[in-house]
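Throughout, numbering of the chain's residues begins at 1 and tracks the sequence.
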Amino acid sequence: IPSHRRKIKSTYSYILLDDIVLTHSLFLPTEKFLQELHHFLRAGGMEGPEGLGRKQACLAMLLHFLDTYQGLLQEEEGAGHIIKDLYLLIMKDESLYQGLREDTLRLHQLVETVELKIPEESQPPSKQVKPLFRHFRRIDSCLQTRVAFRGSDEIFCRVYMPDHSYVTIRSRLSASVQDILGSVTEKLQYSEEPAGRDDSLILVAVASSGEKVLLQPTEDCVFTTLGINSHLFACTRDSYEALVPLPEEIQVSPGDTEIHRVEPEDVANHLTAFHWELFRCVHELEFVDYVFHGERGRRETANLELLLQRCSEVTHWVATEVLLCEAPGKRAQLLKKFIKIAALCKQNQDLLSFYAVVMGLDNAAVSRLRLTWEKLPGKFKNLFRKFENLTDPCRNHKSYREVISKMKPPVIPFVPLILKDLTFLHEGSKTLVDGLVNIEKLHSVAEKVRTIRKYRSRPLCLDMEASPHHLQTKAYVRQFQVIDNQNLLFELSYKLEANSQ
C-alpha cells in the first residue's frame, strides 16, 4: 500500500478505535465490553499469524482503553479484575512476539497504575479531605490547585437541623443519602430507630428561595448537585413543612466590596486560571456520562457538575455586586469594570467566564436599571452590545461558533453549549437501529468529545504575580459570596431604581 494510503488507513483505524472507546458505554457496560474483548482474544487460539493478529488488535484496544479511562477505572473493581486477566493473556508467550515488545511494556505500566489505584496526574502526597465550593469554606483550601474528584474521595459537609444548628460530617463524595443520615445520626448520638418510625430522619435540600427537595435514601452523590446557596437539612417528617432556608450569607449593607478595589486584569486572569483548573479536572468521558446517563452515573460526573455550578456562581456574582452598589455613579463604574473583565476573559480565550459575566449583566434585575446604564460611556455600551450579539443563541449560536472555531488551544469553551450539542445528538437519533449499533451517531458524539481534547491540548500560561495582594485577589475570585435568590435580587433592584423600565 502506498505510504499516503497507509497513513489514511492508520488515521481511520485510530478514529474508529477512539469512537468505540469513547462511546461504548452507550450500548455496552464497561465490564461487558472488557469481557467481549477477553472472549475475542481467547477465541480461535493465539498460535500462528491469526493469533498474532488477535493479540495485536486486542493490545491496541486495551492500550487505548486504559489511556482514555485512567483514573475512572479506580472506582470499578470488576473491570480491574478483567483487565488483569487480559494483561496475563497478552503477556503469555511474550518472547514469541518481538514486534509487540514496546506496546506490551506500555501495557505493563498502565495496568500497574490501575491496579495500584493511583491516578497518574496531580495525586496529592497524602490522603486529604477535598473542599467543595460552598458547602464548607476554608480559605487555605481555596488557594490550592484543584484536583479531580472521584467517588471515593472524602469531603467535609455541614448538615443543618430545623433550628439552623448543624453537624459537620466527613463523607465520601459518592455517599448515599442513607450513609449521610447514618453519619448525622451518629454525630447527634441518636439511638438506632426501627425503619419506618415517624421520628426517623430524612434528608432535604433547601434552596435560598425556600424551595425544598426531599432526597430518597438510595440517591447518591448529592453534594455536587446542590444549588449555589442550597444546604442539606436533616429533620423528622413532621418538621419538613417548617423548614426555612438559612439567612443570606452575604451581608446586604452599604459600602464598597472587594470588586471595587481590584483591577479588571487581575480578576480576569484569576477567573481564567481557576476555570482552567476546573476544566482540566473534568474527564472527557464525564460529558458522555452526564448526557447519556452512563453506567458510572453521577459519581463520575462530579467535576463537570462543579464546573457548571461555578458558571452559575459567576453569573450571580456579577448581578450581586452590581445590585449591592447603592451609589449610581459607582454602579455605572462597576458595569464598566465588568464589561472590561468580559473583554479580557474573551482575550484570554476563556469563553466560560466571558459568557457568565455577560449573562450576569443581562440578568433582568440588572438590565432594568435604565438610569445606571444611561451613565455608561457610549464606547462601553457599544462593546456590550457586541458581547450580547456574540452570546445570542440565534441560528444555533452561530456567532459564538464562528469565534471559537478560529481560536487555537488552550481554550475554555462555554461548557453548557457542548452539553446541549450532545443532548441534541442523543435525542435526534437512536443508539441502536434494528438491533445494530448506530455508528454514525457514536462517531458524532466522539467528534464532539474530541473537540474538548483539542481545547486542552496545550497548557495555559498566564503571567501572574505571587504577591500578598494577588493572593488576596485569588482568594476573592475563588470564594465568591453571591445571592442566587432572584426575588431578592429584584427587591434590591427596585430599591435602587423603582421606576426603571
Side-chain angles (χ1 to χ4, degrees), residues 13-94 96-97 100 103-120 150-152 174 283-286 288-289 291-301 430-439 441-443 445-446 449:
S13 298
Y14 174 85
I15 291 173
L16 181 61
L17 181 63
D18 200 42
D19 287 352
I20 293 169
V21 168
L22 288 173
T23 62
H24 78 79
S25 63
L26 276 62
F27 60 91
L28 204 62
T30 296
E31 283 193 41
K32 180 67 175 170
F33 176 76
L34 291 169
Q35 284 168 359
E36 290 292 335
L37 197 58
H38 191 278
H39 176 72
F40 168 78
L41 183 57
R42 292 184 68 93
M46 289 177 282
E47 304 298 329
E50 186 182 346
L52 175 62
R54 283 180 178 277
K55 186 165 280 199
Q56 284 175 321
C58 190
L59 183 55
M61 176 67 79
L62 190 57
L63 280 173
H64 199 86
F65 178 87
L66 291 172
D67 255 335
T68 303
Y69 277 68
Q70 294 188 10
L72 295 185
L73 290 170
Q74 294 172 59
E75 306 294 319
E76 298 185 32
E77 208 171 305
H81 291 311
I82 303 171
I83 289 167
K84 184 178 179 181
D85 289 344
L86 276 166
Y87 167 71
L88 293 173
L89 269 176
I90 290 171
M91 299 299 283
K92 186 180 178 183
D93 301 325
E94 182 193 3
L96 299 177
Y97 307 105
L100 302 182
D103 285 343
T104 53
L105 179 61
R106 174 68 179 143
L107 178 64
H108 176 74
Q109 293 169 339
L110 285 169
V111 169
E112 202 172 51
T113 300
V114 171
E115 283 204 294
L116 292 173
K117 300 192 182 299
I118 300 173
E120 287 199 332
R150 297 287 173 250
S152 58
S174 61
H283 196 289
E284 57 192 27
L285 286 159
E286 290 190 48
V288 178
D289 286 343
V291 172
F292 297 89
H293 308 294
E295 55 173 335
R296 286 175 300 281
R298 274 183 174 171
R299 68 193 172 104
E300 289 306 345
T301 59
K430 294 180 179 179
T431 302
L432 298 174
V433 180
D434 297 329
L436 300 175
V437 175
N438 183 352
I439 295 295
K441 173 179 178 176
L442 300 193
H443 177 67
V445 170
V449 175

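- Considering only heavy atoms from C-beta on, Val288 stays 4.5 Å or farther from Leu22 through its side chain.
- Atom NE2 of His64 and atom OH of Tyr14 lie 4.5 Å apart (nearest 0.5 Å).
- Contact record, Glu284 with Val449: CB-CG1, 3.6 Å, taken as the closest heavy-atom pair.
- Rounded to the nearest 0.5 angstrom, Leu110 CG and Leu105 CG are separated by 10.0 Å.
- Separating the CG atom in Asp18 from the OG1 atom in Thr68 is a distance of 6.0 Å, to the nearest 0.5 Å.
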Show your working on side chain to side chain contact (heavy atoms under 4.5 Å, CB included) between Glu300 and Leu285 and close with a plain yes or no.
CA-CA 9 Å; Glu300 289 306 345; Leu285 286 159; over 6 Å; no
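- In this structure, the side chains of Ile439 and Asp19 stay at 4.5 Å or more apart for every pair of heavy atoms.
- Minimum heavy-atom separation, Ser174 to Ser152: OG-N, 4.4 Å.
- Contact of the Lys441 side chain with the Thr23 side chain is not registered, since no non-hydrogen atoms from C-beta on lie closer than 4.5 Å.
- One distance of note links CZ of Arg42 with CG of Asp85; it measures 9.0 Å at 0.5 Å rounding.
- When each of Asn438, Val437, Leu442 is paired with Leu26, the side-chain contact (heavy atoms from CB on, under 4.5 Å) condition holds for Leu442 and for no other.
- Distance alone, capped at 3.5 Å, places no donor-acceptor pair between the His108 side chain and the Tyr87 backbone.
- The two residues Val21 and His24 come nearest to each other via the heavy atoms O-CD2, 3.3 Å.
- Counting only heavy atoms from C-beta outward, the side chains of His443 and Ile15 approach each other to under 4.5 Å.
- Taken to the nearest 0.5 Å, the CG atom of Asp103 stands 5.0 Å off from the CG atom of Leu59.
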Please determine whether side chain to side chain contact (heavy atoms under 4.5 Å, CB included) holds for the pair Leu107 and Leu66, giving the CA-CA distance in whole Å, both sets of side-chain angles, and the decisive distance to 0.1 Å.
CA-CA 8 Å; Leu107 178 64; Leu66 291 172; 3.8 Å; yes
Sequence neighbours excluded and cut-off under 3.5 Å, please list the side-chain donor-acceptor pairs for residues 32-40, or say none.
residue : atom : partner : partner atom : Å
Lys32   : NZ   : Glu36   : OE2          : 3.4

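- We find the OG1-CG distance between Thr431 and Leu436 to be 13.0 Å, quoted to the nearest 0.5 Å.
- Minimum heavy-atom separation, Lys55 to Ile90: NZ-O, 2.9 Å.
- Two residues are said to be in side-chain contact when any heavy atoms from C-beta on lie closer than 4.5 Å; Met61 and Ile20 meet this criterion.
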